[in-house]
K.L.:
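Sharing a structure, written as structure tokens. Questions coming.
The chain is numbered in sequence order, starting from 1. Keep in mind it's a predicted model, so treat the numbers as computed, not measured.
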Amino acid sequence: VSELLAKDFDKSAAPTVHALRVRFNQLSLWVVSTILLLESVEEQLRTFAYYVELADELTALRNFHSGASVFFGLVSHLISRLIYLLEGLE
């Protein structure tokens, strides 16, 4: 808590905040890469829908950090360019 109150987010001064930020980015990029590396559109759509449900479930479990990380992976500009994923969910 003292790291957050001090608002000093340097890696050496706030190692816990730095670790949270690194984990957030790793999970978001993992979500993006697992979708983009799939070869078929059907697999991409199924995986995208799974991650939407996963983000919702993580939030329901009050795991806001992981839920937000998965969500931000889904709304990444790399994923949002795949219009067919969003159209396939309708």
K.L.:
Rounded to the nearest 0.5 Å, what's the gap from OG on S66 to CZ on R23? Could you check?
P.N.:
6.5 Å
K.L.:
Are there over 12 heavy-atom neighbours, none belonging to Y50, within less than 6.0 Å of that residue's OH?
P.N.:
no
K.L.:
Say you draw a straight line from CG of L38 to OG1 of T34; how long is it, rounded to the nearest 0.5 Å?
P.N.:
6.5 Å
K.L.:
For the hydrophobic clusters of this structure (ILVMFWY residues joined by side-chain heavy atoms under 4.5 Å, transitively), does one cluster hold both V70 and F64?
P.N.:
no
K.L.:
Got a sec, which hydrophobics cluster with F71, joining ILVMFWY side chains under 4.5 Å apart, including via others?
P.N.:
F24, F72, V75
K.L.:
Atom CG of L78 and atom OG of S28: how far apart are they, to the nearest 0.5 Å?
P.N.:
11.5 Å
K.L.:
If I compare all heavy atoms of G67 with all of A55, which pair ends up nearest, and what's the gap?
P.N.:
O-CB, 3.9 Å
K.L.:
With a 3.5 Å distance limit and no angle check, can you tell me whether S80 reaches the backbone of H77 through a side-chain donor-acceptor pair?
P.N.:
yes
K.L.:
Starting at CG of L61, measure out to CG of L54 and round the result to the nearest 0.5 Å.
P.N.:
9.5 Å
K.L.:
Taking all heavy atoms of V32 and all of S76, pick out the closest pair and write down the distance.
P.N.:
CG2-CB, 3.7 Å
K.L.:
Any chance you could measure Q44, atom CD, to L36, atom CG, to the nearest 0.5 Å?
P.N.:
6.5 Å
K.L.:
Return each pair, listed once, that meets side chain to side chain donor-acceptor pair (under 3.5 Å) where at least one residue sits in residues 52-62; pairs must be two or more places apart or across chains.
P.N.:
none
K.L.:
Taking a hydrophobic cluster as the set of Ile, Leu, Val, Met, Phe, Trp and Tyr residues connected by side-chain heavy atoms closer than 4.5 Å, whether directly or through intermediates, do V22 and V17 fall within one such cluster?
P.N.:
no
K.L.:
According to a 4.5 Å side-chain heavy-atom criterion applied to Ile, Leu, Val, Met, Phe, Trp and Tyr, with indirect links allowed, do I79 and L58 form part of one hydrophobic cluster?
P.N.:
yes
K.L.:
To the nearest 0.5 Å, what is the distance between CH2 (W30) and CG (L27)?
P.N.:
7.0 Å
K.L.:
Could you walk me through whether I35 and L74 pass side-chain contact (heavy atoms from CB on, under 4.5 Å), step by step?
P.N.:
CA-CA 9 Å; I35 293 172; L74 293 173; 3.9 Å; yes
